[in-house]
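In what follows, chains are A, B, ... by sequence order, proteins preceding strands, each numbered from 1.
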2 protein chains.
Amino acid sequence: MSVTTTGPDPEDLTARARIRDAAMQHFAEHGFERATIRGIAETAGVSSGLVRHHFGSKQALREACDAYLTKMIRRLNDEVRSGYALDRSNPVATANTAMGPYQRYLARALAEGSAEVVFDEMVELSEQWLADADARRPDVPDVDRKVRATIGTAMALAIAVLRKHVSRGMGVDLSTPEGDLLLARALIDLYSHPMLSLEEAAEARAALDRLQPERTTTERGAPQKTLRQHEEHHHD
Amino acid sequence: MSVTTTGPDPEDLTARARIRDAAMQHFAEHGFERATIRGIAETAGVSSGLVRHHFGSKQALREACDAYLTKMIRRLNDEVRSGYALDRSNPVATANTAMGPYQRYLARALAEGSAEVVFDEMVELSEQWLADADARRPDVPDVDRKVRATIGTAMALAIAVLRKHVSRGMGVDLSTPEGDLLLARALIDLYSHPMLSLEEAAEARAALDRLQPERTTTERGAPQKTLRQHEEHHHD
DNA sequence: ACACCGGCTACACACGTGTGTAGCCTCCTA
DNA sequence: TAGGAGGCTACACACGTGTGTAGCCGGTGT
């Protein structure tokens, strides 16, 4: 699994691959808009024209990067599906691990709205894990599994996407082993302690039912009506 | 309740305010880079030069937007702190709700690395909530409260930041009442059911301890290590 | 040997965009 | 009434950037 990634073949890679890697690096670091073809080309050690030669346009280059990630996540998903599961902890965590050095790119891409397939594949991983968990569960979930898997996936990815803020809040850089370890401990703690008791949950659900019939349409960016005032209903 | 929290604002008619609102709208929709001063000006119904006149530069405009959000979140935080707590569910959820129409801007800003203060303020809200929760908790957390609050905050924000993907995964647009409701149900379910049993958690912690002294490289054969992002490439 | 084709480069163009500058108009005030 | 200041506009400039075009070089097949 942890395929090629970084170490193996530094300069021996084909130019096309070098460009792709450089692009992922630049996209991850500066975002898609701010990243420049020339900068990517320089990092890859090629001319800017070659970038266009291999990938037709900047957008296509991004799509190629996404496709590459997609290939990786698919492979991982297949491995897990074929019972090759190496650990039974949070599957998205596994995916994140396997994503390794491309994690930053993935985070950026997701935040910018692309890399849909990667996200969806992670959701599927999560679903498989949830299937097991649901079996062990006493009560019956009142929400479709895929929905819960989706939200769980998003939450797991939040740390990567908001890495900068999380690092600041934790007081330690997530890129360091210390930060990594601290994060793991915190996640274990959080994941093993529900934030809502079953009673509170039931109450919240009841409250939700109570106001289900009439729900004001929230939303729209109109900046005047700032605070919606129905007391219950919070989340997201 | 605190309808006035973020009230319609004294003179929202002032051009400066209109520009700021338009900027938040554009930044939220297109991102900072892709948003143009001219576009913002047009939405605000003013000339592009006036944007520069009021705010010195595009970056300063963004900072003004962040500052505006900061003011709002501070007010909200003060309200909660002064015992005005309207509900005891997840505080970040409350904050998000109060953020209302600016949620999209906040999500973008956070994903792009800015709006630090808003995030930090949310962490503080979360900390206060955790203080109560910790008191009710049988065992003692092995991770600093602020760390857990930070991660919890990030997770809560994940839905907003990854809204597009979450909507797709859930099969319903989060902006609609249906999506909103479904999300609430799912969150209640997720928050009331730990993903790890205490035994699993203990085991994971033990595994962590076991490989703590070792180096940071990911061992494939190593027992689960919940989340791990080994970094490194050659940048930064 | 020749032609060919793909990898690869150098150069130029068009365009959007942030920013700078000059000036108008309308209050407010002395 | 004059003057000034600030809200506001119109116009122009410099520059970075994506993209287009022409051409070179080296290997490979016939």
Where B/Glu33 and B/Lys58 come nearest, the two heavy atoms and their spacing
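Looking at all heavy atoms of both residues, the closest pair is O-NZ, 3.3 Å.
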Over 60° means perpendicular and under 30° means parallel, so tell me whether A/Phe32 and A/Phe27 are parallel, tilted or perpendicular.
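Taking A/Phe27 first and then A/Phe32, their aromatic rings sit tilted (interplane angle of 30° to 60°).
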Restricting to side chain to side chain contact (heavy atoms under 4.5 Å, CB included), what partner residues turn up for A/Ala64, sequence neighbours left out?
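Side chain to side chain contact (heavy atoms under 4.5 Å, CB included) list for A/Ala64, sorted by chain: A/Phe55.
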Charged N-O contact under 4.0 Å between A/Arg18 and A/Asp21
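Answer for the salt bridge query: no.
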Strictly below 4.0 Å, N to O, side chains only: are A/Arg62 and A/Glu112 in salt-bridge contact?
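Between A/Glu112 and A/Arg62 there is a salt bridge, with a charged N closer than 4.0 Å to a carboxylate O.
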How would nucleotides 12-26 of chain D be written as a contact map, 5' to 3', with B for base contact, S for sugar-phosphate-only contact and - for no contact, using protein heavy atoms under 4.0 Å?
B----BBBB------
Counting just side-chain N and O atoms, does A/His53 come under 4.0 Å of either OP1 or OP2 of C/dG7?
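Indeed, a polar side-chain atom of A/His53 lies that close.
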Taking 4.0 Å as the cut-off, does a side-chain nitrogen or oxygen of B/His54 come that near to OP1 or OP2 on D/dC8?
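The answer is yes; a side-chain N or O of B/His54 sits under 4.0 Å from OP1 or OP2.
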What is the separation between atom CG on A/Leu50 and atom P on C/dA10, rounded to the nearest whole Å?
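Interatomic distance, CG of A/Leu50 to P of C/dA10: 11 Å.
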